[in-house]
Amino acid sequence: MKLTNYIIASMLLVSCVSGPKDPVKTELLPSIYPDYIGVTIPVNIAPLDFNFADDDIDCMDVVIKGSKDGEIHCNGIETDLDIDEWHDLTAQNAGGHLTFTVCIKKDGKWKQYKDFKIYISQYPLEEYGVTYRRIAPGYEVGGDIGIYQRDIHNFTETAILQEGIVPGQCMNCHVANRTNPSTFNMQFRGSNGGTMIYKNGKQTWLSTKTDSTVANTSYSYWHPDGDYCAFSTNKIHQSFFVGTGQRIEVYDTFSNVLVLDTRTNELLLSPLLQTDDWETYPAFSPDGATLYFCTAKPYRVPLEWEKVKYSLCRISFDAKTGTYGNKVDTILNARVLGKSFTYPRPSYDGKWLMYNVTDCGNFPVNHPEADLWLMDLQTGESHPIIEANSKDTESFHNWSLNSHWFVFSSRRENGIYSLPYIAFLDDQGHAGKPFLLPQRNPKKYYLQDMDSYNCIDFTCKKVELDARDVHRQVFDNKREQVKIR
């Protein structure tokens with residue numbers, strides 16, 4: 001039996017090594033996973049390996065030719081491109097494109113599909129990689145949760161922190177300052193929860209609930225100088241649906257916005273951000289002079305959950321004095337426009353503001369209708385990013401430092417779990433077709449592991465966090481109590 005299996009495996013290997021012979025040509029494009037046809041990529045991204053959608057094939061033969069120079073040939077059950085050869089080819093063809101010729105052998109016969117192109121942007125993506133939380137798409141407490149980082153130029157993934165290091169703790173939002181993890185924070189929930197501020201190799205653990213704030217800090221965004229970090233304080237709840245297309249709604253019953261001075265561990269409050277309305281999702285402008293946030297009128301939730309709609313607002317901030325402006329400007333009015341606007345993320349060049357649009361609520365990752373929109377901060381005009389949006393959820397978007405690439409989570413695959421996508425943006429605000437973060441044998445990786453990728457962001461270098469020190473400080477449960485300035 002073992003000898004028979006060996007002979008069969010050898011025969012399959014030999015049949016797959018042979019190239020196409022007299023293939024029958026078709027005008028159909030190949031059905032590949034992921035759908036990389038027509039995407040725009042940066043030079044030196046990890047190879048865009050793909051599988052043929054039909055598993056029952058004998059062999060796949062792929063020839064990749066550069067519009068300027070170079071050629072790669074790959075032959076096997078799935079593509080398995082050499083990293084150095086791929087990087088050389090993308091570098092040679094920056095500003096041009098690659099043409100893919102795919103032939104499939106099935107039942108001993110070859111078929112050649114219509115060629116397709118992948119475009120290579122002249123704008124680089126110079127970041128080291130991306131960070132994200134990987135979590136099973138369920139709703140149980142605990143489990144195999146982890147914060148990971150991935151080198152986007154190859155396939156190396158490393159854990160920043162895993163639930164096994166801090167058992168029983170939910171690792172929440174993790175935020176670097178303008179992609180630089182030398183200034184970094186992370187939220188922990190659970191009996192030993194707290195806020196970790198990481199600056200220049202030092203961990204500081206804070207208890208952020210005070211008599212003047214109803215809850216601990218939650219969603220956050222760094223001021224560009226690294227001295228301040230904006231937070232919301234939220235009482236977050238979730239309800240499950242029965243017999244509807246939507247499974248869950250996450251909502252607040254209270255939320256405010258404030259700023260932490262990390263030099264003194266003091267909270268800076270403003271009566272304009274501490275109202276009876278629900279303020280959340282703060283984000284500083286690239287120059288630090290403006291604080292964006294979202295606000296909604298309170299309703300009885302979950303009974304009136306569909307009535308909750310968030311407006312997009314801003315207030316000025318003076319980093320020299322640590323003070324706010326005396327008025328709030330409403331950029332997008334939910335009452336007038338009838339939609340909910342959340343998760344503002346300004347581009348680092350100050351040109352664009354990307355945000356989520358949903359029918360209601362403030363947690364777009366659970367809304368199938370959630371789309372990405374882009375506002376020109378010079379003109380105030382907005383448009384949906386049609387090229388990046390799908391029929392399902394887009395959320396958790398963030399920018400590259402040169403503001404020509406953005407990363408986001410999408411549930412376009414099956415509507416259940418979020419996968420990481422990267423897309424190009426040109427000077428006029430038009431996006432290229434997004435591409436799924438490359439993996440070796442992507443069908444096996446993404447369709448069998450079935451993890452959700454949340455809170456995804458670019459990082460300019462590898463995150464160096466001492467997990468042992470995190471474990472010690474979590475379970476020592478020694479927190480510095482923040483104060484109100």
Trainee: How long is the straight-line distance from CG of L48 back to OG1 of T79, given to the nearest 0.5 Å?
Mentor: 8.5 Å
Trainee: Filter on side chain to side chain donor-acceptor pair (under 3.5 Å), then keep only pairs touching residues 33-48, sequence neighbours left out; what's left?
Mentor: Y33-E413, D35-K433
Trainee: Compile the donor-acceptor pairs under 3.5 Å between side chains in residues 331-341 and protein atoms, sequence neighbours left out, one pair per line.
Mentor:
from: N333; atom 1: OD1; to: R335; atom 2: N; distance (Å): 2.9
from: N333; atom 1: OD1; to: V336; atom 2: N; distance (Å): 3.2
from: K339; atom 1: NZ; to: D359; atom 2: OD1; distance (Å): 2.6
from: S340; atom 1: OG; to: Y310; atom 2: N; distance (Å): 2.9
from: S340; atom 1: OG; to: G361; atom 2: O; distance (Å): 2.6

Trainee: Compute whether any side-chain donor of one residue and acceptor of the other, for D252 and N362, lie under 3.5 angstrom apart.
Mentor: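 Per modelled atom types, D252 and N362 side chains form a pair under 3.5 Å.
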Trainee: Both conditions, 6.0 Å and 45 degrees, for the charged tip of R150 above the ring of Y453: are they met here?
Mentor: no
Trainee: Once you round to the nearest 0.5 Å, how far does CE of M60 lie from CD1 of I77?
Mentor: 8.5 Å
Trainee: Please check: side-chain N/O of S232 versus main-chain N/O of N234, any donor-acceptor pairing under 3.5 Å?
Mentor: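 The answer is no, because no donor-acceptor pair under 3.5 Å joins these two groups.
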Trainee: Any side-chain donor paired with an acceptor under 3.5 Å for T99 and D115?
Mentor: no
Trainee: Name the orientation class of the two ring planes belonging to H174 and F184 (parallel below 30°, tilted from 30 to 60°, perpendicular beyond 60°).
Mentor: tilted
Trainee: Looking at E306 and C360, would you say the former's side chain and the latter's main chain have a donor-acceptor pair under 3.5 Å?
Mentor: no
Trainee: Could you tell me whether a side-chain N or O of T459 sits under 3.5 Å from a main-chain N or O of G129, the two making a donor and an acceptor?
Mentor: no
Trainee: Quick one: list whatever passes side-chain contact (heavy atoms from CB on, under 4.5 Å) with E71, sequence neighbours left out.
Mentor: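 side-chain contact (heavy atoms from CB on, under 4.5 Å) check on E71 returns V63, K65.
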Trainee: Is any NZ, NE, NH1 or NH2 atom of the basic residue among E394 and R412 found under 4.0 Å from an Asp or Glu carboxylate oxygen of the other?
Mentor: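 Salt bridge: yes.
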Trainee: About how many Å separate CG of L353 and CG of L377, when rounded to the nearest 0.5 Å?
Mentor: 5.5 Å
Trainee: As a quick check of understanding, evaluate side-chain hydrogen bond (donor to acceptor under 3.5 Å, both in side chains) for N356 and T342, giving each step before the final call.
Mentor: CA-CA 5 Å; N356 266 126; T342 54; 4.8 Å; no
Trainee: Walk me through whether K117 and L98 qualify under side-chain contact (heavy atoms from CB on, under 4.5 Å).
Mentor: CA-CA 5 Å; K117 295 178 181 178; L98 305 178; over 6 Å; no
Trainee: Does a side chain donor of either N177 or N180 reach within less than 3.5 Å of an acceptor in the other side chain?
Mentor: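 Per modelled atom types, N177 and N180 side chains form no pair under 3.5 Å.
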Trainee: Go through Q162 and Y148 one step at a time and tell me if the side-chain hydrogen bond (donor to acceptor under 3.5 Å, both in side chains) criterion holds.
Mentor: CA-CA 8 Å; Q162 294 173 301; Y148 295 85; 3.1 Å; yes
Trainee: So V24 and K109, do their side chains get closer than 4.5 Å, heavy atoms only?
Mentor: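 No - every pair of side-chain heavy atoms lies 4.5 Å or more apart.
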Trainee: Can K105 and D61 be counted as an ion pair, charged N to O under 4.0 angstrom?
Mentor: no
Trainee: Counting C-beta onward and ignoring hydrogens, is there a side-chain heavy-atom pair between I118 and F100 closer than 4.5 Å?
Mentor: yes
Trainee: Under a 3.5 Å cutoff, is there a donor and acceptor pairing between the side chains of N441 and N51?
Mentor: yes
Trainee: Can a side-chain donor-acceptor contact be found between D349 and S347 if the only test is distance below 3.5 angstrom?
Mentor: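 A donor-acceptor contact under 3.5 Å links the two side chains.
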Trainee: Can you confirm whether K297 is buried at NZ, in the sense that more than 12 heavy atoms of other residues, nucleotides or ligands lie under 6.0 Å from that atom?
Mentor: no
Trainee: Between F408 and H397, is the ring centre distance below 6.0 Å?
Mentor: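 When the ring centroids of F408 and H397 are compared, they turn out to be at least 6.0 Å apart.
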Trainee: So, do C455 and Y132 sit near enough that their side-chain heavy atoms are less than 4.5 Å apart?
Mentor: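 With C-beta onward as the side chain, the pair stays apart.
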Trainee: Kindly indicate whether the side chain of N185, heavy atoms from C-beta on, has any atom under 4.5 Å from the side chain of M196.
Mentor: no
Trainee: Evaluate V257 against F231 for side-chain contact (heavy atoms from CB on, under 4.5 Å), listing each step before the verdict.
Mentor: CA-CA 6 Å; V257 165; F231 288 91; over 6 Å; no
Trainee: Do NZ/NE/NH1/NH2 and the carboxylate oxygens of D54 and K106 come within less than 4.0 Å?
Mentor: yes
Trainee: Side chains of Q92 and K68: does their closest heavy-atom pair fall under 4.5 Å?
Mentor: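 Of all side-chain heavy-atom pairs linking K68 with Q92, none is under 4.5 Å.
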Trainee: OG/S409 to OH/Y417 distance, rounded to the nearest 0.5 angstrom?
Mentor: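 Rounded to the nearest 0.5 Å, the OG-OH separation comes to 13.0 Å.
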Trainee: Taking the side chain as every heavy atom from C-beta outward, state whether P384 and N389 have any pair of such atoms under 4.5 Å apart.
Mentor: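 P384 vs N389: side chains touch.
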Trainee: Decide whether D392 and S390 meet the rule of one side-chain donor and one side-chain acceptor closer than 3.5 Å.
Mentor: no
Trainee: Hey, are D55 and K443 close enough for a salt bridge, meaning a charged N less than 4.0 Å from a carboxylate O?
Mentor: yes
Trainee: Okay, side chain of Y446, backbone of P34: is any donor-acceptor separation there less than 3.5 Å?
Mentor: no
Trainee: Should the pair R134-E157 be classified as a salt bridge under the 4.0 Å nitrogen-to-oxygen rule?
Mentor: yes
Trainee: Measuring from T295:OG1 to I315:CD1, what's the distance to the nearest 0.5 Å?
Mentor: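 It is 11.5 Å, given to the nearest 0.5 Å.
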Trainee: If you measure from CE on M186 to OG1 on T195, what distance do you get to the nearest 0.5 Å?
Mentor: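 Output value for this atom pair is 11.5 Å.
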Trainee: Please list all pairs meeting ring-ring contact (aromatic ring centres under 6.0 Å, His included) that have one or both residues in residues 48-72, counting only residues at least two apart or in different chains.
Mentor: F52-Y113
Trainee: Can you establish whether the number of heavy atoms outside K351 located under 6.0 Å from its atom NZ is more than 12?
Mentor: yes
Trainee: Does the pair F317 and Y228 meet the rule for a ring-ring contact (aromatic ring centres under 6.0 Å, His included), with working shown?
Mentor: CA-CA 11 Å; F317 182 78; Y228 300 99; 5.2 Å; yes
Trainee: May I ask you to decide if the ring planes of F363 and Y219 are parallel, tilted or perpendicular, using 30° and 60° as cut-offs?
Mentor: tilted
Trainee: Side chains of D457 and T131: donor-acceptor distance under 3.5 Å anywhere?
Mentor: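 No pair is found: no donor N or O on one side chain lies under 3.5 Å from an acceptor on the other.
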Trainee: Consider ring pair (Phe, Tyr, Trp, His ring centres under 6.0 Å). Of F458, W352, Y348, Y123, which one does H404 pass it with?
Mentor: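 Exactly one pass, corresponding to Y123.
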Trainee: Verify the neighbour count for atom CG of D22: are there more than 12 heavy atoms of other residues, nucleotides or ligands below 6.0 Å?
Mentor: no
Trainee: Looking at the rings of Y343 and Y281, which for Trp means the six-membered one, are their centres under 6.0 Å apart?
Mentor: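 Yes.
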Trainee: For residues S418 and R411, is any side-chain donor paired with an opposing acceptor at under 3.5 Å?
Mentor: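 Checked: S418/R411 side chains pair up, N/O donor to acceptor below 3.5 Å.
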Trainee: Does the side chain of P346 come within less than 4.5 Å of P286's, by heavy atoms?
Mentor: yes
Trainee: Is N93 reaching over with its side chain to a backbone N or O of G96, donor-acceptor style, under 3.5 angstrom?
Mentor: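 Checked: no pair found.
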Trainee: Sequence neighbours left out, what passes side-chain contact (heavy atoms from CB on, under 4.5 Å) with A431? Give chain and number order.
Mentor: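 With sequence neighbours excluded, A431 shows a side-chain contact (heavy atoms from CB on, under 4.5 Å) to I385, E387, F406, L425, given in chain and number order.
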Trainee: Can a side-chain donor-acceptor contact be found between S182 and K461 if the only test is distance below 3.5 angstrom?
Mentor: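 Judged by distance alone, the side chains do pair up.
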Trainee: Is M375 close to W373 at the side-chain level, that is, under 4.5 Å between some pair of heavy atoms?
Mentor: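 W373 vs M375: side chains apart.
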Trainee: So I37 and I32, side-chain contact (heavy atoms from CB on, under 4.5 Å) or not? Walk me through it.
Mentor: CA-CA 8 Å; I37 297 173; I32 62 173; 4.0 Å; yes
Trainee: Taking only residues two or more places apart in sequence, or in another chain, which ones meet E249 in a side-chain contact (heavy atoms from CB on, under 4.5 Å)?
Mentor: F241, Q246, Y251, W305, H367
